[in-house]
Amino acid sequence: QAQLVESGGGLVQAGDSLRLSCAVSGLDFSRYTLGWFRQPPGKEREFVAAISRSDGSTYYADAVKGRFTISRDNALHLQMDHLKPDDTAVYYCAAQNTYSMMALALATGINYWGQGTQVTVSS
């Protein structure tokens, strides 16, 4: 049974930093493109970032480009710097058995979702 479990969310102030992690078990970590999505309260889920299963290349939504950094080692991480109130959302990690980061970003073929972790950024 594959499982993705997010951690690291919390309440911070604008301009602060937060590091999210996603523990991955029950699947071959190296065979999945991994990424992060977020869903602000009352709004639709949106893509945040993805990282390649092969060469470690990354892809970011315009809203977070230059502020967030996705990485993977023994787990999936999202380093969030210069946080803004608009970053407030439940953040979900996701895994898809694809080479395409664009495919993951569409969120139509995700194989596994995490349960989510709340990030709240006060102004």
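Put simply, the side chain of I110 reaches to within 4.5 Å of the side chain of F37, judged on heavy atoms. At least one side-chain heavy atom of Y92 sits less than 4.5 Å from a side-chain heavy atom of Q39. In this structure the side chain of T88 never reaches within 4.5 angstrom of the side chain of V119, judged on heavy atoms. With contacts defined as side-chain heavy-atom distances shorter than 4.5 Å, the pair Y60/V48 does not qualify. Residues L4 and W113 form no side-chain contact, since every pair of their non-hydrogen atoms from C-beta on lies 4.5 Å or further apart. The shortest distance between side-chain heavy atoms of I51 and Y32 does not fall below 4.5 Å. For the pair Y91/Q118, no side-chain contact is recorded, criterion being any heavy-atom separation below 4.5 Å from C-beta on. V64 has its side chain within reach of R38: a pair of non-hydrogen atoms, C-beta onward, lies under 4.5 Å apart.
Checked options T117, V121, L83, T120; the residue passing with L18 is L83 (criterion: side chain to side chain contact (heavy atoms under 4.5 Å, CB included)).
Under the side chain to side chain contact (heavy atoms under 4.5 Å, CB included) criterion, Y99 pairs with R53, sequence neighbours left out.
With a 6.0 Å radius and a threshold of 12 heavy atoms from other residues, nucleotides or ligands, R19 has its CZ atom above the threshold. For D28, the CG atom is densely surrounded, since the number of other residues' heavy atoms within 6.0 Å is greater than 12.
Between the CG atom in L34 and the SG atom in C22 there is a gap of 7.5 Å [rounded to 0.5 Å].
Hydrophobic clustering (ILVMFWY, side-chain heavy atoms < 4.5 Å, transitive): Y59 and I70 are in distinct clusters. Under a hydrophobic-cluster definition in which Ile, Leu, Val, Met, Phe, Trp and Tyr are linked whenever side-chain heavy atoms come within less than 4.5 Å, directly or via other members, F29 and L78 are assigned to the same cluster. Hydrophobic clustering places M102 together with L104 (ILVMFWY residues linked when any side-chain heavy atoms are closer than 4.5 Å, directly or through intermediates).
Identified under the side-chain hydrogen bond (donor to acceptor under 3.5 Å, both in side chains) test for residues 61-73, with sequence neighbours left out: D62-K65, R67-D87, D73-H77.
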Legend entry - Residues W36, F47; criterion ring pair (Phe, Tyr, Trp, His ring centres under 6.0 Å); working and verdict: CA-CA 7 Å; W36 292 92; F47 169 73; over 10 Å; no
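For the pair P85 and S123, the tightest heavy-atom approach, listed with the atom from each and the gap, is CG-CB, 3.7 Å. Considering all non-hydrogen atoms of both residues, Q79 and S17 come closest at NE2-CB, 4.0 Å.
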Just distance, no hydrogens or angles: give the donor-acceptor pairs under 3.5 Å from side chains in residues 5-15, sequence neighbours left out.
unit_1, atom_1, unit_2, atom_2, d
E6, OE1, Q115, N, 2.9
E6, OE1, G116, N, 2.7
E6, OE2, C93, N, 2.9
E6, OE2, Q115, N, 3.4
E6, OE2, G116, N, 3.2

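Judged by distance alone, the side chains of S54 and S52 do bring a donor and an acceptor atom under 3.5 Å apart.
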